[in-house]
Amino acid sequence: MSLHFTDEEFLEAWKELDKPQLEGGWEFFTETMGVKIYRLYDKETGLYEYKVFGVLATCTPELCADVYMDLPYRKQWDGYVKELHEKDYDGHSAIYWEVKYPFPLSNRDYVYVRERRDVDVDSRKIWVVLAKSSPLSPLPEKSGVQRVKDYKQTVAMESDGACGTKVFMNYFDNPGGNIPTWLVNWAAKSGVPAFLTDMQKACGNYSNYCQKNKK
């Protein structure tokens with residue numbers, strides 16, 4: 001039994017692979033590189049929560065899940081990673097992630113927990129990864145780096161019926177500080193599809209990486 005996520009959360013995570021749930025104020029935001037992005041305005045923060053639907057045409061869902069979970073490998077292919085590792089903090093395991101932001105903005109960092117489950121549903125195999133910020137981890141904030149204290153992400157993946165992966169992602173984070181609207185919009189419109197493109201390339205190179213690092 002997970003300490004961080006419930007069975008119900010994992011069951012809910014994959015359902016939008018079949019039918020996007022867009023009631024309650026969700027609006028179409030953009031479509032680029034075959035990726036559709038919807039957003040929901042959060043009145044409390046003035047920010048948006050996002051849902052992403054797309055297909056990674058050249059890699060299997062199991063490979064995508066393995067690449068997504070591999071933190072040391074991500075440091076090699078994700079150019080926005082400044083620091084990324086999983087550690088035990090007073091018996092509480094969490095991930096520390098510092099993200100590079102463009103000058104003159106301060107970098108952001110996250111302390112979060114995550115869990116992957118490979119779920120079997122009516123003879124379908126679905127890979128689910130849940131993540132959320134973990135304020136309980138006793139990791140002091142760095143000078144000059146803004147701590148993101150409100151972060152959550154759901155990723156669900158299954159075969160597209162061919163050689164690729166059907167992906168659903170739901171995420172929200174509050175980067176804090178005075179982030180310009182143009183940067184927030186750029187991150188959603190360009191950053192997410194670019195990340196999926198980079199991840200697809202990373203999947204293609206993963207076998208070589210594992211051989212070199214004897215995984």
Test your reading of the model: is there a side-chain donor-acceptor pair from Asp109 to the backbone of Val99, 3.5 Å cut-off? no
Arg39 side, atom CZ; Glu27 side, atom CD - distance, nearest 0.5 Å: 4.5 Å
Whether over 12 other heavy atoms sit under 6.0 Å from Lys142 NZ: yes
Has Lys87 got a side-chain atom pairing as donor or acceptor with Tyr96's backbone, closer than 3.5 angstrom? no
Phe195 with Leu63, same ILVMFWY side-chain cluster at under 4.5 Å: yes
Working to the nearest 0.5 angstrom, can you tell me the gap between Phe172 CZ and Lys132 NZ? 15.5 Å
side-chain contact (heavy atoms from CB on, under 4.5 Å) with Arg108: which of Tyr80, Trp97, Tyr101? Tyr101
Look at Arg117 together with Glu9 and state whether they make a salt bridge at an N to O cut-off of under 4.0 Å. no
Within 6.0 angstrom of Glu44 CD, more than 12 heavy atoms from elsewhere: no
Are Asp66 and Arg116 ion-paired here, with the side-chain N under 4.0 Å from a carboxylate O? yes
What are the two closest heavy atoms between Thr165 and Pro61, and how far apart are they? OG1-N, 2.9 Å
Donor-acceptor pair, distance only, cut-off 3.5 Å: does the side chain of Asp42 make one with the backbone of Tyr48? no
About how many Å separate CG of Leu17 and CD1 of Ile126, when rounded to the nearest 0.5 Å? 6.0 Å
Is the backbone of Tyr209 close enough, under 3.5 Å, to the side chain of Asn213 for a donor and an acceptor to pair up by distance? yes
Ignoring hydrogens and geometry, is there a side-chain-to-backbone donor-acceptor pair from Arg114 to Gln153 under 3.5 Å? no
At what distance, to the nearest 0.5 angstrom, does SG of Cys64 lie from OH of Tyr206? 11.5 Å
If only atom types and distance count, is the side chain of Gln21 paired as donor or acceptor with the main-chain N or O of Glu16 below 3.5 Å? no
Heavy-atom count check: over 12 atoms from other residues, nucleotides or ligands less than 6.0 Å from Tyr171 OH? yes
Flag if over 12 foreign heavy atoms under 6.0 Å of NZ, Lys75: yes
Give, for atom OH of Tyr50 and atom CH2 of Trp26, the distance between the pair rounded to the nearest 0.5 Å. 9.5 Å
Roughly how far apart are Ser159 OG and Lys125 NZ, rounded to 0.5 Å? 12.0 Å
Thr30 side chain vs Ile37 backbone, donor-acceptor pair below 3.5 Å: no
For Phe29 and Tyr38, run ring-ring contact (aromatic ring centres under 6.0 Å, His included): C-alpha distance rounded to whole Å, both residues' side-chain angles, the deciding distance at 0.1 Å, then the answer. CA-CA 5 Å; Phe29 180 46; Tyr38 296 82; 9.8 Å; no
